[in-house]
Amino acid sequence: MQKLWGGRFSKQTDTSAEDFTASVQFDYRLASYDIQGSIAHTRMLKKCEILTEREESLIIEGLNGIQQDIQTNNFLFDPQLEDVHMNIEHALIQRIGEVGKKLHTARSRNDQIALDTRLYLREELKQIITLNSSFQSAILSIAEKNIEIIMPGHTHLQHAEPVLFAHHIMAYFWMSERDRQRFIDCLKKINILPLGACALAGTSLPIDREYTANLLDFPGVTENSIDTVSDRDYILEFLSAASICMMHLSRLSEELIIWSTHEYRWVDIDEAFCTGSSIMPQKKNPDICELTRGKTGRVYGNLFNLLTLMKSLPLSYNRDMQEDKEPLFDTVDTLKQCLCIYSRLITSLKINAERMKLSIAMDSSWATEMANYLVRKGIPFRQAHHISGRIVAANRDVSEWTLQELQEFSELFENDIFDVIKPEYGINQKNSAGGTSSKQVKKQIEEAKKVFSDASDAEKRLPGA
Ligand code: ARG
């Protein structure tokens, strides 16, 4: 087959080289963005009098026809034509003849691919932000529904101090809020027109980049043509933001896996989101959580793939960069899937308040409040810490102590100590801003709702919307 770039070649490309260089088997996913970009480019060429009105309408009609064929599955992507750009351009020439050969004026595949991925990621990010918001809203609703439930808070995976379950789970809301902001930030960086950088140096033809930017809803154009065709930062930033988001989902997964063990039984993951065992009839496994934890590895891998790919590339475009597509697509697909299923899993999650309470009854997480009690009676904290520590070391259930026995550790103990060491007391005393008291957690939830509703308003005004 005669290549669109074949002028200087007298030999056919070896089939192994064709297979090796082809990317259409994955970059076909960019087809509709490629066409959208080509239509805007054509309109700009006409506006700049590089194309006539008739040429413009023939090309646009041709491109729309191709778009339709793709949508109705009547388009055959041919690996011999290398990539999505060549497949579409070739089809255009087949369809409308010679005039189709004018489309690629003042354009290179180097700026074209930068445009396609920006358009693609801009669209996908909007969906990701919406899915992220659904996840946040699932967290908010489970926090509100279980607002009074008490659980042991951990450090080092050891019982530390009792907290409200709502407080613990709302930690994920704020992580997710930062994820949302990171995605919005990515969107801002993506939202700039690369087209017009051409191969690397711009063009001697009289183009109007601002006009194309306007047509494609980009607020501006890139400043440096060499940077434009060399840059994959916007993909790297997205892969980083996606990795952090997956890390959050993975930590939540880990907690849910632990909490649903027989030893804990703190939560019950809905059967609709579990799977069974082919041999052990009793099994109900938290596979969604495990797979989310597992898929985090592949998203990190995608980030490291591209970081490594880019690290030694000289300016400007290098064909290595074609390898950015699969990690990008895989990350988008994986992240969307995980966010989507997690909203549903969290919404149907049941919390076992009794089991959570029971595990506090058998621990020593009252020790800090006992020390604080002595501090309020005038003892320096270090000494109070020591006294409380001695009582812990006696290794008795806290309910078994009498006042007299406690007074042997400190005369300052009075009857009210038995209230102070109740988990509810400690929780409600922790009324510092952002603390676990009921009052603070309710305030936090109100604040989260405010952030969330401001965010949904802002989502309607996202760039390129
Ligand atoms: N398919 C390439 C990519 O994904 C774009 C084409 C650039 N090719 C070239 N020979 N300059 O990066």
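We use all heavy atoms of the structure for the numbers below, so side chains are in, but hydrogens, waters and symmetry mates are not. In each ligand, atom 1 is the first atom listed, and ligand 1 is the first ligand listed. Index from 1, following the sequence. This one's a predicted model, so the numbers in the text were calculated from it and none came from an experiment.
Remark: Asp330 engages Arg298 in a salt bridge (charged side-chain N to carboxylate O under 4.0 Å, His left out) (not counting sequence neighbours). Remark: Gln67 pairs with Ser32, Ile35, Gln71 by the side chain to side chain contact (heavy atoms under 4.5 Å, CB included) rule, at least two apart or across chains.
Defined by atom type and a distance below 3.5 Å, a donor-acceptor pair is missing between the side-chain atoms of Ser23 and Asp83.
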Could you tell me, for ligand 1, which of its N or O atoms are under 3.5 Å from any protein N or O, listing the pairs and their distances rounded to 0.1 Å?
| residue | atom | partner | partner atom | Å |
| --- | --- | --- | --- | --- |
| ligand 1 | 1 (N) | Asp83 | OD2 | 3.2 |
| ligand 1 | 1 (N) | Gln322 | OE1 | 2.9 |
| ligand 1 | 4 (O) | Lys325 | NZ | 2.7 |
| ligand 1 | 10 (N) | Arg109 | NH2 | 3.4 |
| ligand 1 | 11 (N) | Asn110 | OD1 | 2.9 |
| ligand 1 | 12 (O) | Tyr317 | OH | 2.6 |

Quick one: do Arg344 and Ser134 satisfy side chain to side chain donor-acceptor pair (under 3.5 Å)? Show the steps, please.
-> CA-CA 9 Å; Arg344 296 160 63 89; Ser134 311; over 6 Å; no
Kindly determine whether Trp174 and His248 satisfy ring pair (Phe, Tyr, Trp, His ring centres under 6.0 Å), including the steps that lead there.
-> CA-CA 10 Å; Trp174 298 107; His248 293 148; over 10 Å; no
Return a table of donor-acceptor pairs under 3.5 angstrom between the side chains of residues 195-216 and protein atoms on other chains or two or more places apart.
| residue | atom | partner | partner atom | Å |
| --- | --- | --- | --- | --- |
| Thr203 | OG1 | Leu205 | N | 3.0 |
| Asp208 | OD1 | Glu210 | N | 3.2 |
| Asp208 | OD1 | Tyr211 | N | 3.1 |
| Asp208 | OD2 | Lys47 | NZ | 2.7 |
| Arg209 | NE | Leu195 | O | 2.7 |
| Arg209 | NH1 | Thr222 | O | 3.0 |
| Arg209 | NH2 | Leu193 | O | 2.9 |
| Arg209 | NH2 | Pro194 | O | 3.4 |
| Arg209 | NH2 | Leu195 | O | 3.3 |
| Arg209 | NH2 | Thr222 | OG1 | 2.8 |
| Thr212 | OG1 | Asp208 | O | 3.4 |

